[in-house]
Amino acid sequence: MELSDCSNEYEKLVVRMNMPRVVIDNGVCPNSTVVKIDSARSPGILLESVQLLTDMNLWIKKAYISSDGKWNMDVFHVSDLNGNKLTDENLIRYIEKSIETSHYCKTEGYTGLTALELTGTDRVGLLSEVFAVLADLECDVVEAKAWTHNGRIASMIYVKDGNSGTPIDGDSDRVQRVEGQLRNLLKADDGYQNDTRTCVSYGGNTHMERRLHQRMFMDRDYEKKFDIEKSPIVSVQNLSKRGYSVVNLQCKDRLKLLFDVVCTLTDMAYIVFHAAIRTVGETAFLEFYVRHSDGHPVSSEPERQRLIQCLQAAIERRTVKGVRLELCTADRPGLLAEVTRVLRENGLNIARAEISTKDGIARNVFYVTDANGNLIDPEIIQSIREKIGIDDLSVKEPFPISCREAVEKEQHQEAQDHQGRYGGGTVLVSLGSLVMRNLYHLGLIKSYF
């Protein structure tokens with residue numbers, strides 16, 4: 001056997017030894033499925049596990065995370081959007097396979113499409129103008145997401161040529177026209193960070209929501225002052241004896257909350273060694289024991305404040321704003337520009353958007369407010385539905401009520417214990433030794449401090 005062949009076989013063995021091991025248990029909790037993941041420690045592995053679960057629209061109600069030496073041991077309590085445990089055996093097998101192979105079998109991503117990344121100052125009607133420009137340049141939008149926060153907007157849009165269905169990045173003149181017109185639309189007029197950023201690339205396997213976090217982080221959207229009363233409660237304290245920084249968060253629970261927090265910690269080069277996540281009623285409590293990638297805890301007050309602001313921003317970016325409108329209809333050229341034009345002409349601002357087209361069907365979600373960020377008069381919504389199509393445009397709840405009821409039922413006793421122990425105020429409750437105690441009882445560590 002050739003030496004090179006031996007080397008390849010050894011590398012394959014190392015890969016197999018370090019692949020995540022997944023156990024899915026439906027017998028522990030009445031309304032949630034427990035997903036246990038053991039894996040060799042590597043950069044970003046926690047984020048990838050959380051990302052895979054949230055991409056399947058699973059709600060992580062509770063989690064315990066621990067890193068013992070060079071090995072990660074993570075436990076997630078998950079449910080579907082209706083608050084029920086997972087019973088579909090095909091889905092369970094898919095989760096197991098996806099997590100076990102996630103680090104070595106990457107998805108193809110949006111191949112055959114051109115990616116547009118936009119960052120700039122938000123204003124009423126901006127997305128409508130962006131989609132109108134793309135329609136005029138015969139660029140069909142296949143997938144897109146847009147977030148707004150603190151007067152800024154970030155969007156990632158996948159397009160193809162409207163005639164041939166091929167990527168547009170092969171035509172350099174056309175790319176320059178697209179970039180130039182979009183850059184003009186995104187120019188700031190309020191004096192706040194009046195730089196604009198556009199980027200054109202080919203396909204790839206970029207995770208859209210993680211990239212949006214990165215774009216807004218690079219745009220420093222966290223620097224503008226928050227409304228203190230509405231901001232998530234975040235604290236950062238150093239545990240000097242153990243060399244950790246302890247990050248506590250308290251906010252309203254929602255889908256993908258853990259992903260947003262872990263994504264930000266990862267992008268800021270903080271490594272999570274231990275964590276506990278739990279929900280009481282509609283409130284989520286998250287605690288992380290972290291160190292910077294250089295091995296040190298938070299070392300200065302400016303660094304602490306920046307971490308707090310960035311975590312607050314990460315949570316706020318996806319917080320539900322306004323009325324959720326869902327469009328489901330046959331796709332056609334210019335559809336997106338037409339629908340968003342109707343929203344703009346009625347004074348509606350798109351606070352967040354999720355665009356998807358598959359098999360000739362457009363499924364779009366818009367979170368809309370009035371020009372001042374307030375809720376919209378129901379008569380205006382009804383008028384817009386009549387213009388676009390009553391059967392095509394509907395008003396939806398942000399999350400199914402049944403899911404919230406299931407969560408509240410499962411955690412009723414836990415909420416009572418919490419109020420008896422800590423009171424019913426809004427002061428941030430540090431989970432403290434709860435992190436390590438739960439890991440100890442689960443058998444994931446030998447001792448806790």
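Hydrogens, waters and symmetry mates play no part in the numbers below; they use all other heavy atoms, side chains included.
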Q.
Which residues pass the ring-ring contact (aromatic ring centres under 6.0 Å, His included) test with F259, not counting sequence neighbours?
A. H207
Q | Euclidean distance, M73 CE relative to H274 NE2, rounded to 0.5 Å | A | 8.5 Å
Q) Got a sec, which residues hit salt bridge (charged side-chain N to carboxylate O under 4.0 Å, His left out) with K160, two or more places apart in sequence or on another chain? A) none
Q: Only pairs at least two apart or in different chains count here, so list each salt bridge (Lys or Arg N to Asp or Glu O under 4.0 Å) that has a residue in residues 85-94.
A: none
Q. Does the side chain of I277 reach to within under 4.5 Å of the side chain of I65, using non-hydrogen atoms?
A. yes
(Q) I361: which residues meet the side chain to side chain contact (heavy atoms under 4.5 Å, CB included) condition with it, sequence neighbours left out? (A) C328, R363
Q. Who are the side chain to side chain donor-acceptor pair (under 3.5 Å) partners of R291, not counting sequence neighbours?
A. none
Q: Only counting residues at least two apart or in another chain, list the ones meeting side chain to side chain donor-acceptor pair (under 3.5 Å) with S155.
A: none
Q: Check R215, R152, R317 against D221 for a side chain to side chain donor-acceptor pair (under 3.5 Å) and give me the one that passes.
A: R317
Q) In Å and rounded to the nearest 0.5 Å, what is the NZ to CD distance from K252 to E282? A) 5.0 Å
Q | Partners meeting side chain to side chain contact (heavy atoms under 4.5 Å, CB included) with H292 (sequence neighbours left out) | A | A269, Y270, D294, E303
Q) Are side-chain heavy atoms of L307 and V234 found at a separation under 4.5 Å? A) no
Q: Apply salt bridge (charged side-chain N to carboxylate O under 4.0 Å, His left out) to E129 and list each qualifying residue two or more places apart in sequence or on a separate chain.
A: R123
(Q) Holding to side chain to side chain contact (heavy atoms under 4.5 Å, CB included), I want the full list of residues that pass it with Q214, two or more places apart in sequence or in another chain. (A) R210, R211, D267
Q.
Run the side chain to side chain donor-acceptor pair (under 3.5 Å) test against T264 and tell me which residues pass, sequence neighbours left out.
A. none
Q: Mark yes or no for whether N372, through its side chain, and N374, through its backbone, hold a donor-acceptor pair below 3.5 Å.
A: no
**Q.** Non-neighbouring partners of R306 that pass side chain to side chain contact (heavy atoms under 4.5 Å, CB included), sequence neighbours left out
**A.** F217, Y222, M268, C310
Q) If you look only at pairs with a residue in residues 304-325, which of them pass as a ring-ring contact (aromatic ring centres under 6.0 Å, His included), with sequence neighbours excluded? A) none
